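Reading through the C-alpha cells given below for one structure.
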Amino acid sequence: MKRLQDNVTIITGGGKGIGFGLASAFAKEGSNLVITGRNEARLLEAKKKLEEGYGVKVLALVADGADEVKIKEVIAKTVDTFGKINTLINNAQTSKSGLSLIEHTKEDFDLAINSGLYATFFYMKEAFPYLKESKGSVINFASGAGLFGKLGQSSYAAAKEGIRGLSRVAAAEWGPDGVRVNIIAPLAMTESLTEWKKAYPELFAKTIQGIPLGRFADPMQDIGRVAVFLASDDASYVTGETITLQGGSGLRP
C-alpha cells in the first residue's frame, strides 16, 4: 500500500519546477492530483507524464494568481471530479526578484502579494470545508528570502512572510478540526532559478555560498519527500511548523 493511496492533492503551479517535483512525489505515493497554473500546454504535458508514469488520475486546470472566482472553480471541479480533498499545497508565486526595495513600484509589490499571499488565502478558505471532512492538511511555501533577508527579494519576502503568518494562525484555528497547516521554506534547483542565476550571477553566488552542502534541493527527492511526509499519517502530530530546506540539509523522512 502506497503512503497516500487514493488521496486527492491540489498543487498550485504544479506544471513545472518545484510544483512538478511535488506532483511527482505525491503521484509516486498513489495520490491523485489537481495541478494548476497559467500555461495550459505545460499543464497538459505534466498531466500526461504523471498519469503515464505513476498510474494516477490528474486534473489540469488553468488558474492565474489571486483570481478568487477561478479559485472557487478549481475547488468545485476538484470535488466534482474526486469527491474530496486531502491535501492543499500552495506553491505558485510570481515576483520581481532581483529588484532592490527602492526600485519596486506598487505594481511590482502587488504582483507578489496577489500571486502569493492572496492566492494562498483564497485557496485555503475555499478548501477548508473539504479538508475538515478528510482531516487533511495544508502545505504552504515560504522562503529563505523572508527568513534571512535576501537581497533583491523585498516583495517576494513580504509575500512569503505573510504566508507564514497566515499559516500559523490557521494552524491554531483549524487544529481542533483536525486540519494541519505547515510551511516549507526551500531552496531548489529549478528552471526559474537557472534563469535567475543567469540574470543575477552575483546574487546567485552569494546565495549558494550560504548553503552548507553547496547545492540546492531537488524538487522531487528533497522537497517532494518532505511534503509527502507532512501530508501523511506519519505527521499527524505536526502543525504550525516551518521546515527550512537549505540545499537538502533539512528533514529527510
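This is a predicted model, so every value here is computed, not measured. Just so it is clear, the values below take in all heavy atoms, side chains as well, and ignore hydrogens, waters and symmetry mates.
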Linked, directly or transitively: [X] and [Y] (ILVMFWY side chains, under 4.5 Å):
X: Tyr156; Y: Phe121; value: no
X: Tyr130; Y: Ile139; value: no
X: Val238; Y: Leu131; value: no
X: Leu33; Y: Leu61; value: no
X: Leu50; Y: Val8; value: no

Separation between [atom1] of [X] and [atom2] of [Y], rounded to the nearest 0.5 Å:
X: Ile223; Y: Ile18; atom1: CD1; atom2: CD1; value: 4.0 Å
X: Thr12; Y: Asp64; atom1: OG1; atom2: CG; value: 11.5 Å
X: Leu4; Y: Thr87; atom1: CG; atom2: OG1; value: 6.5 Å
X: Leu99; Y: Leu151; atom1: CG; atom2: CG; value: 13.0 Å
X: Phe26; Y: Met220; atom1: CZ; atom2: CE; value: 11.5 Å
X: Ile71; Y: Tyr118; atom1: CD1; atom2: OH; value: 12.0 Å

Just wondering, are more than 12 heavy atoms of other shown residues or ligands nearer than 6.0 Å to [atom1] in [X]?
X: Lys132; atom1: NZ; result: no
X: Arg164; atom1: CZ; result: yes
X: Lys2; atom1: NZ; result: yes
X: Asp233; atom1: CG; result: no
X: Glu103; atom1: CD; result: yes

Write down the atom of [X], the atom of [Y], and the distance for their closest heavy-atom approach.
X: Gly37; Y: Leu43; value: N-CD1, 3.6 Å
X: Ser143; Y: Ala185; value: N-CB, 3.9 Å
X: Lys160; Y: Asn91; value: NZ-O, 4.4 Å
X: Ile10; Y: Ile75; value: CD1-CD1, 3.7 Å
X: Lys77; Y: Thr81; value: O-OG1, 2.8 Å
X: Gly14; Y: Ala46; value: O-CB, 4.4 Å

Given side chain to side chain donor-acceptor pair (under 3.5 Å), test Asp108 with Thr105 step by step and report yes or no.
CA-CA 5 Å; Asp108 294 334; Thr105 64; 3.1 Å; yes
Residues Ser167 and Asn140: side-chain donor-acceptor under 3.5 angstrom
yes
Do Ser31 and Thr9 have a side chain donor and acceptor closer than 3.5 Å?
yes
Minimum side-chain heavy-atom gap [X]-[Y] below 4.5 Å:
X: Met124; Y: Leu88; answer: yes
X: Tyr54; Y: Glu29; answer: no
X: Pro219; Y: Leu22; answer: no
X: Ile11; Y: Val34; answer: no
X: Ile183; Y: Phe141; answer: no
X: Phe20; Y: Ile35; answer: no
X: Thr36; Y: Tyr123; answer: yes
X: Lys96; Y: Leu111; answer: yes

Are the side chain of [X] and the backbone N or O of [Y] linked by a donor-acceptor pair below 3.5 Å?
X: Lys47; Y: Val58; answer: yes
X: Thr239; Y: Val181; answer: yes
X: Asp177; Y: Val179; answer: no
X: Asn32; Y: Val56; answer: no
X: Asn86; Y: Gly136; answer: no
X: Thr94; Y: Ser115; answer: no
X: Gln93; Y: Ala112; answer: yes

Testing Arg3, Arg180, Arg225 one by one against Asp234 for a salt bridge (Lys or Arg N to Asp or Glu O under 4.0 Å), which residue passes?
Arg3
Between Lys48 and Glu45, is there a side-chain N and carboxylate O pair less than 4.0 Å apart?
no
Those residues at least two apart in sequence (or on a different chain) that pass salt bridge (Lys or Arg N to Asp or Glu O under 4.0 Å) with Lys72 are Glu126
Take Val138 and Phe128 through the side chain to side chain contact (heavy atoms under 4.5 Å, CB included) test and state the conclusion after the steps.
CA-CA 9 Å; Val138 178; Phe128 174 72; over 6 Å; no
